[in-house]
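Sequence positions, counted from 1, serve as the residue numbers for this chain. When reading the values below, keep in mind they use all heavy atoms of this one structure, side chains included, and skip hydrogens, waters and symmetry mates.
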Amino acid sequence: MSQNEHTEEPAAELAEHAEATAAGSTDQHTDEAAADGEFRAGFVSFVGRPNVGKSTLTNALVGEKIAITSPKPQTTRRAIRGIAHRPNGQLIIVDTPGLHRPRTLLGERLNALVEATLGDVDVIGFCVPANEKLGPGDRFINDRLSDFPRAKKVAVLTKVDEASNSEIIDQLTRLGELREWDAVVPISSVTREQLDVLTEVLLDLMPQSPPLYEAEQTTDEGEDDRIAELIREAALEGVRDELPHSLAATVEDREEREDGLLEIYANLYVERDSQKGIIIGHRGSRLRDVGERARHEIEALLGRRIYLSLRVKVLKEWQRDPKALGKLGFN
């Protein structure tokens with residue numbers, strides 16, 4: 001089924017489905033590595049269909065919000081690096097857009113970004129939810145994993161807190177039928193169940209290396225980019241149909257006020273006038289809600305009070321326009 005499958009309580013009976021070392025052996029390896037002065041560092045990227053918890057897992061491992069989350073497909077649009085620091089190693093987690101069949105120039109560029117990223121990382125984590133059966137999207141992505149022979153492959157069974165033990169066992173069996181994995185780890189990002197096990201499994205698969213980032217650094221994303229993503233996350237809440245794909249956000253300017261308040265001026269872009277009306281809402285009510293949600297998240301990020309000014313602009317068919325994509329940073 002797999003070379004390594006890591007499980008622990010409360011799903012004790014899962015152990016008999018594992019053909020591998022127990023989580024305790026990982027702990028032993030970690031202790032030995034620390035004693036020997038071994039330090040490992042490398043890159044991992046999590047892949048999977050929409051809503052399997054890739055960005056939530058990234059945030060949980062790093063220990064802070066690096067990537068925005070939303071139930072909308074294709075929420076992630078950049079290769080965002082989060083750095084998880086541990087005493088015996090460093091994981092650089094590259095959160096990428098999902099692999100998909102592109103319908104626009106933006107989709108083609110995002111797929112190219114994903115493929116370039118997966119070709120460079122040390123480990124690819126294939127995320128599958130424990131509470132949903134494997135579908136065509138999962139099998140499509142699994143087949144694509146063979147295009148990246150350099151990377152070790154780990155199956156990550158997510159959302160075990162939302163599944164019964166029998167569902168977890170069935171899903172582990174199905175995962176084992178897909179390919180030979182370097183490890184299989186069931187986890188929950190919400191309850192943090194087995195996140196420590198997953199971390200040690202990933203570190204064991206990384207090359208010996210000195211730290212690649214400073215100890216205090218958790219991402220290499222610029223502050224304005226993170227702010228723009230938080231604004232887009234707030235705007236995504238409650239929208240439907242094609243509108244999530246048509247939304248983009250940029251920070252245009254910031255100014256320090258004498259009273260210590262930071263003013264941030266940002267734009268939300270849509271592709272059609274009708275979408276602009278949806279984002280603004282009746283007498284601006286929805287845009288005010290978006291601004292309020294985004295402001296709270298931005299203040300938490302910056303650790304200070306801000307004033308946020310949002311404008312909604314139409315950039316017609318920007319997902320298909322090379323010049324517009326460049327303007328929005330999708331080069």
side-chain contact (heavy atoms from CB on, under 4.5 Å) between Val201 and Leu203, worked out: CA-CA 6 Å; Val201 166; Leu203 282 173; over 6 Å; no
CA sep, side-chain torsions, deciding dist, call: Val44, Met206, side-chain contact (heavy atoms from CB on, under 4.5 Å): CA-CA 9 Å; Val44 57; Met206 295 299 170; 3.8 Å; yes
Ile306 vs His296, side-chain contact (heavy atoms from CB on, under 4.5 Å): CA-CA, chis, key distance, verdict: CA-CA 9 Å; Ile306 70 159; His296 284 302; over 6 Å; no
Candidate pair Tyr269 and Leu328, rule side-chain contact (heavy atoms from CB on, under 4.5 Å), full reasoning: CA-CA 9 Å; Tyr269 290 95; Leu328 296 174; 3.5 Å; yes
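Around atom CD of Glu214, no more than 12 heavy atoms belonging to other residues, nucleotides or ligands sit under 6.0 Å away. Other residues, nucleotides and ligands place more than 12 heavy atoms under 6.0 Å from the CZ atom of Arg150. Within 6.0 Å of CZ in Arg304 there are more than 12 heavy atoms belonging to other residues, nucleotides or ligands.
Note: Asp253 CG to Ser309 OG = 10.5 Å, rounded to the nearest 0.5 Å. Atoms CD1 and CG, on Ile187 and Asp161 in that order, are 8.5 Å from each other to the nearest 0.5 Å. For the atom pair Leu61 CG and Thr56 OG1, the distance stands at 11.0 Å (nearest 0.5 Å). For the atom pair Leu202 CG and Phe46 CZ, the distance stands at 5.5 Å (nearest 0.5 Å). Atom CD1 of Ile264 and atom OH of Tyr307 lie 11.5 Å apart (nearest 0.5 Å). Between the NZ atom of Lys276 and the CG atom of Leu287 there is a distance of 10.5 Å, given to the nearest 0.5 Å.
In this structure, the side chain of Lys153 does not engage the main chain of Ser146 through any donor-acceptor pair within 3.5 Å. Listed for the Arg232 side chain is no donor-acceptor partner under 3.5 Å among the backbone atoms of Ala249. Judged by distance alone, with hydrogens and angles left aside, the side-chain atoms of Lys313 form no donor-acceptor pair with the main-chain N or O of Asn267 at under 3.5 Å.
Side-chain contact, Glu271 with Ser246: a donor N or O sits under 3.5 Å from an acceptor N or O. Under the 3.5 Å distance criterion, with hydrogens and angles disregarded, a donor-acceptor pair is assigned to the side chains of Arg179 and Asn142. A donor-acceptor contact closer than 3.5 angstrom links the side chains of Glu252 and Thr250. Asp95 and Ser55 share a donor-acceptor pair across their side chains, judged by distance under 3.5 Å alone.
Side-chain contact between Arg144 and Ile141 is absent, with no heavy atoms from C-beta onward closer than 4.5 Å. Proximity of Gln90 to Phe39: side-chain heavy atoms (C-beta onward) are separated by under 4.5 Å at one or more points. At least one side-chain heavy atom of Leu195 sits under 4.5 Å from a side-chain heavy atom of Leu57. Using a 4.5 Å cut-off on side-chain heavy atoms (C-beta onward), Ile80 and Ile66 make contact. For the pair Trp318/Lys327, no side-chain contact is recorded, criterion being any heavy-atom separation below 4.5 Å from C-beta on. Under the 4.5 Å side-chain criterion, counting only non-hydrogen atoms from C-beta, Ile93 is in contact with Val62. Taking the side chain as every heavy atom from C-beta outward, Arg257 and Leu262 never approach each other to under 4.5 Å. Arg254 has its side chain within reach of Ile227: a pair of non-hydrogen atoms, C-beta onward, lies under 4.5 Å apart.
Here the shortest heavy-atom pairing between Asp321 and Lys323 reads OD1-N, 3.0 Å. For Arg286 against Ala235, the heavy-atom pair with the smallest separation is NH2-O, 3.1 Å. Residue Val251 comes nearest to Ala228 through the heavy atom pair CG2-N, 4.0 Å, listed as atom of the first residue, atom of the second, then distance. Closest of all the heavy-atom pairs between Gly291 and Leu310 is CA-CD1, 3.8 Å.
Comment: Glu317 engages Arg320 in a salt bridge, judged by a side-chain N to carboxylate O separation of less than 4.0 angstrom. Salt bridge Glu64/Arg226: present, at least one basic N to carboxylate O contact under 4.0 Å. Contact check on Arg40 versus Glu200 returns no salt bridge, with no Lys/Arg side-chain nitrogen under 4.0 Å from an Asp/Glu carboxylate oxygen. Ion pairing between a basic and an acidic side chain is recognised when a charged N comes within 4.0 Å of a carboxylate O; Glu221 and Arg81 show no such pairing. By the 4.0 Å N-to-carboxylate-O rule, Lys65 lies close enough to Glu297 to be salt-bridged with it. Taking a cutoff of 4.0 Å between a charged side-chain nitrogen and a carboxylate oxygen, Glu299 and Arg295 qualify as a salt bridge.
Placement of Val52 and Val184 in two distinct hydrophobic clusters is found when ILVMFWY residues are connected by side-chain heavy-atom separations under 4.5 Å, directly or transitively. Val185 and Leu91 fall within the same hydrophobic cluster, defined by Ile, Leu, Val, Met, Phe, Trp and Tyr side-chain heavy atoms under 4.5 Å apart, directly or through other members. Hydrophobic clustering (side-chain heavy atoms under 4.5 Å, transitive across Ile, Leu, Val, Met, Phe, Trp, Tyr) keeps Tyr265 apart from Leu308. Hydrophobic clustering, with ILVMFWY side chains joined whenever heavy atoms are under 4.5 angstrom apart, groups Val314 together with Leu247. Linking Ile, Leu, Val, Met, Phe, Trp and Tyr whenever their side-chain heavy atoms come within less than 4.5 Å leaves Leu261 and Ile298 in two separate clusters.
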With a 3.5 Å cut-off and sequence neighbours excluded, list the donor-acceptor pairs that the side chains of residues 118-135 form with protein atoms.
from, atom 1, to, atom 2, distance (Å)
Asp122, OD2, Phe43, N, 2.8
Asn131, ND2, Glu162, OE1, 3.1
Glu132, OE1, Arg49, NH1, 3.0
Glu132, OE1, Arg49, NH2, 3.1

